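Please read the structure below before turning to the comments.
Chain identifiers are assigned alphabetically (A, B, ...) following the order of the sequence lines, protein sequences preceding nucleic acid strands; residue numbering begins at 1 within each chain. Keep in mind the model is a prediction, meaning the values are calculated, not measured.
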Protein chains: 2
Amino acid sequence: MISQTEENYLKVLYNLTSLKGEASVNDISKQLDIKMPTVNSMMKRLAEKKLVVYESYKPLKLSVEGKKLAALIIRKHRLTEMYLVEKMGFGWENVHNIAEQIEHIQAPEFFDKMDELLGFPKVDPHGSPIPDADGNIASDNYLKLSDCKVGESVTFMAVQPSSEDLLKFLTSRELSLGLELKIKQIEPFDGSMVISYANKENEMLSSKVCDKLLVSKKSKKK
Amino acid sequence: MISQTEENYLKVLYNLTSLKGEASVNDISKQLDIKMPTVNSMMKRLAEKKLVVYESYKPLKLSVEGKKLAALIIRKHRLTEMYLVEKMGFGWENVHNIAEQIEHIQAPEFFDKMDELLGFPKVDPHGSPIPDADGNIASDNYLKLSDCKVGESVTFMAVQPSSEDLLKFLTSRELSLGLELKIKQIEPFDGSMVISYANKENEMLSSKVCDKLLVSKKSKKK
DNA sequence: TTATTTTGTTAGTATCATCTAACTTGTTAA
DNA sequence: TTAACAAGTTAGATGATACTAACAAAATAA
Ligand SMILES: [Mn+2]
Ligand SMILES: [Mn+2]
Ligand SMILES: [Mn+2]
Ligand SMILES: [Mn+2]
């Protein structure tokens, strides 16, 4: 059996390693706001359970089994977020904290039902892919809006990472997933961008924001 | 702060005391399948927190505050059960275990939303009343079907206590809440009853079943 | 390359939630 | 009314999950 606490460690490790393939004790410590010695002993415990690859002073990795387990927790998290938004009417900025708790519910039929009622969605409300029931996750090949050039026209696909404040900001600008963004101008000094979309003309977005908006160039194959 | 574990103790104590007003360490121990010394020290801890009235060798009671807290957990449990049945399509025999977990979610807006989507229901899928947001619970004045007499016609209002097996059995007999039950015959030997309802004529129910079906005599005021 | 800082580890402590063993108190049946 | 049994309590142990203090290793800066 795996505890709620252990599940949270696995999930954080999954997210941290999804970038570089490995993570440090320090990274996890900061992410979870838990002191390093606690993280250290938890990593040893998860290594005992064959979920984490631990060697003294070396970066941490998830085992194959650990990766699958983490993906299944993330599946529950993202299905929940989608359900809260689509079926219960929550805003995309208000679902993360609830999902953070519900992801630990042990009742496969509950999440299967959500999945079914949602029509087996592929992404969550922030554009992140939902792992399938085997823990496989589709890799998007989106790029950051901030890496695009003037004149380009792209589709807004995901927010990552998506903090509550950022999501609120995007809502206030009526910036929602799926919109066509036209890049009008890029300020060389601070990297802020002027874009047009929907019925908005020449909206200014800071580079801090543009860094977190993921877009696709060619209209996404359906 | 109150832990999930503590919440489960409070809830059990609430349910046990709703009958006689007090409960024993032994009762709780059996109900939760946790040894008496563990229950004993938990009761002392909850007494520290002013949620339980504890005196050595005396029966246990909830404090006013404890009673309210317990009622609010039960509110979350029953709203969840109702939501699962009404909005997600679960059968009434499959919702208790999920609700047992979801009742511990700390997110008032989540349960408020359920309440709203359900149209502020007064009872759960098994006919038990849902406490209001202040922890007040309406008292039904139902009687057991087994206490009724031949010839009477009553309305099926609740199942209590409602085990999965019993609920499955009732489903198999198409016995659902709100039905008019006509008592045709009572077997003096074992107390089993012959009743008619809906399109069923002279169905036989054991006294074990009849003991757990709550009914109202006069058609319930709407 | 040495000194400093950051990161990781070990050791020891604390709290929560559980247990078993042993003892005490209360209840019930001879 | 006492002897037996049931219920309640105390004491002590354990595993999970956190912490701080102190030390060791690795990375970085001087
Ligand atoms: Mn999230
Ligand atoms: Mn979580
Ligand atoms: Mn229930
Ligand atoms: Mn529970």
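- By the 6.0 Å contact criterion, NZ on A:Lys49 is enclosed, its count of non-hydrogen atoms from other residues, nucleotides or ligands being greater than 12.
- Remark: B:Ser3 is in phosphate contact with C:dA17, judged by side-chain N or O atoms under 4.0 Å from OP1 or OP2.
- In the region residues 24-44 of chain A, proximity to DNA chain D at under 4.0 angstrom, judged on heavy atoms, holds for A:Ile34, A:Lys35, A:Pro37, A:Thr38, A:Met42.
- To the nearest angstrom, P of C:dA17 lies 8 Å from OH of B:Tyr9.
- Rounded to whole angstrom, the span from the CZ atom of A:Arg45 across to the P atom of D:dA18 amounts to 9 Å.
- Listed by chain and number, the residues in a side-chain contact (heavy atoms from CB on, under 4.5 Å) with A:Asp147 are A:Lys144 (sequence neighbours excluded).
- Between B:Met1 atom CE and D:dT17 atom P the separation is 19 Å, expressed in whole Å.
- Within 6.0 Å of atom NZ in B:Lys11, more than 12 heavy atoms from other residues, nucleotides or ligands are found, so the atom counts as buried in its surroundings.
- A:Ile98 is listed as a side-chain neighbour of A:Phe90, based on a closest heavy-atom distance under 4.5 Å.
- Atom OG1 of residue A:Thr80 and atom CD of residue A:Glu103 lie 8.0 Å apart, to the nearest 0.5 angstrom.
- In this structure, A:Tyr57 atom OH and D:dA25 atom P are separated by 6 Å, rounded to whole Å.
- Distance CD (B:Glu6) to C1' (C:dT15): 12 Å, rounded to an integer number of Å.
- B:Lys58 places its NZ atom 20 Å from the P atom of D:dA7, with the value rounded to the nearest Å.
- Between A:Ser56 and the phosphate of D:dA25, there is no side-chain N or O to OP1/OP2 separation shorter than 4.0 Å.
- Other residues, nucleotides and ligands contribute more than 12 heavy atoms inside 6.0 Å of the NZ atom of B:Lys113.
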